[in-house]
Amino acid sequence: MIERIIERLGQFGIEVKISDRRLIIAEYENALSFIRASCNIDEIPNDLENVIIERTCGNFLFVLKNFRGLDGADYEAFVKEIAEGDVKVVFDEDSVLSEEQKIDKVIDFLMGYGEEIILSKRCICW
């Protein structure tokens, strides 16, 4: 799973250093714990794996941005709009947003990704 997270971060232009692996593992464990607690489950279903990956990436990028900076990230052509129904992706090429606002939008999207999937997997505690 960690390799899939590193691959996903590479899609954002983030080159993961060896020293970043511990932080990635910690953020992965945090995302895993959050989902287990939110859903009241021990086993993670397959359809929550992508949620864990996206949220781990979002949390990792948030920490990097605030503590080290995101040098080398690809700020150009960030996604402006995503529709999940019939898959519609619109890139934000003529945005009035600053570089930092663009990356903040992506981080916010990743950190909140899959909320509806998490809610659909919740088990009631008796």
Side-chain angles (χ1 to χ4, degrees):
M1 183 81 78
I2 300 301
E3 293 306 317
R4 288 178 60 194
I5 293 167
I6 292 171
E7 180 182 318
R8 180 69 171 129
L9 289 167
Q11 293 172 349
F12 292 108
I14 303 297
E15 187 176 325
V16 176
K17 301 173 186 161
I18 294 173
S19 60
D20 293 334
R21 288 183 73 85
R22 283 193 357 212
L23 178 59
I24 290 171
I25 292 169
E27 293 303 332
Y28 167 74
E29 292 294 328
N30 287 341
L32 202 56
S33 269
F34 173 79
I35 289 175
R36 281 186 180 142
S38 294
C39 296
N40 193 29
I41 57 175
D42 292 325
E43 294 290 320
I44 301 295
N46 289 339
D47 48 353
L48 282 176
E49 286 180 6
N50 284 337
V51 174
I52 293 169
I53 291 170
E54 297 294 301
R55 285 183 173 234
T56 301
C57 289
N59 292 339
F60 176 76
L61 291 173
F62 179 79
V63 170
L64 276 190
K65 178 183 174 286
N66 288 305
F67 291 103
R68 190 174 78 196
L70 289 174
D71 298 332
D74 184 12
Y75 293 109
E76 298 304 316
F78 269 126
V79 175
K80 173 181 170 184
E81 180 181 333
I82 296 177
E84 292 183 27
D86 281 75
V87 183
K88 173 185 172 186
V89 177
V90 178
F91 290 98
D92 192 12
E93 296 171 353
D94 299 322
S95 176
V96 295
L97 298 175
S98 71
E99 305 280 317
E100 186 173 359
Q101 288 171 324
K102 287 179 184 179
I103 193 68
D104 285 344
K105 284 186 134 218
V106 170
I107 290 171
D108 287 345
F109 172 77
L110 291 172
M111 289 175 74
Y113 180 80
E115 192 64 34
E116 65 283 347
I117 299 171
I118 293 170
L119 291 175
S120 72
K121 299 296 178 186
R122 290 190 74 190
C123 296
I124 297 175
C125 211
W126 294 100

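- Sorted by first and then second residue, the salt bridge (charged side-chain N to carboxylate O under 4.0 Å, His left out) pairs with a member in residues 23-48 read Asp47-Lys121; sequence neighbours excluded.
- In this structure, CG in Leu32 is found 12.5 Å from CD1 in Ile25, a value given to the nearest 0.5 Å.
- We find the SG-CD1 distance between Cys57 and Ile6 to be 9.5 Å, quoted to the nearest 0.5 Å.
- Listed for the Ser33 side chain is no donor-acceptor partner under 3.5 Å among the backbone atoms of Asn30.
- The line from CD1 of Ile52 to CE of Met1 is 5.0 Å long, rounded to the nearest 0.5 Å.
- Note on residues 4-14: pairs passing salt bridge (charged side-chain N to carboxylate O under 4.0 Å, His left out), not counting sequence neighbours, are Arg4-Glu49, Arg8-Glu54.
- Annotation: side chain of Ile117 is not in contact with side chain of Asn50 (no heavy-atom distance under 4.5 Å).
- When Leu64, Ile24, Leu23 are each tested for a side-chain contact (heavy atoms from CB on, under 4.5 Å) with Val16, only one passes: Ile24.
- Checked against side chain to side chain contact (heavy atoms under 4.5 Å, CB included), Leu119 has the following partners two or more places apart in sequence or in another chain: Glu115, Arg122.
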Can you check side chain to side chain contact (heavy atoms under 4.5 Å, CB included) on Leu110 and Phe12, steps first, answer last?
CA-CA 12 Å; Leu110 291 172; Phe12 292 108; 3.8 Å; yes
Check against side chain to side chain contact (heavy atoms under 4.5 Å, CB included), Phe60 and Asp20
CA-CA 9 Å; Phe60 176 76; Asp20 293 334; 3.8 Å; yes
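- A heavy-atom distance below 4.5 Å is found between the side chains of Leu9 and Leu61.
- Looking at every heavy atom in both residues, Gly114 comes nearest to Val51 through CA-CG2, 4.0 Å.
- Considering every non-hydrogen atom in both Phe34 and Arg55, the closest pair reads CE2-NH1, 3.3 Å.
- Here OH of Tyr28 is found 13.5 Å from CG of Asn59. Values are rounded to the nearest 0.5 Å.
- Considering every non-hydrogen atom in both Ile118 and Ser38, the closest pair reads CG2-CB, 4.0 Å.
- The two residues Gly58 and Ile107 make their nearest non-hydrogen contact at O-CG2, 3.7 Å.
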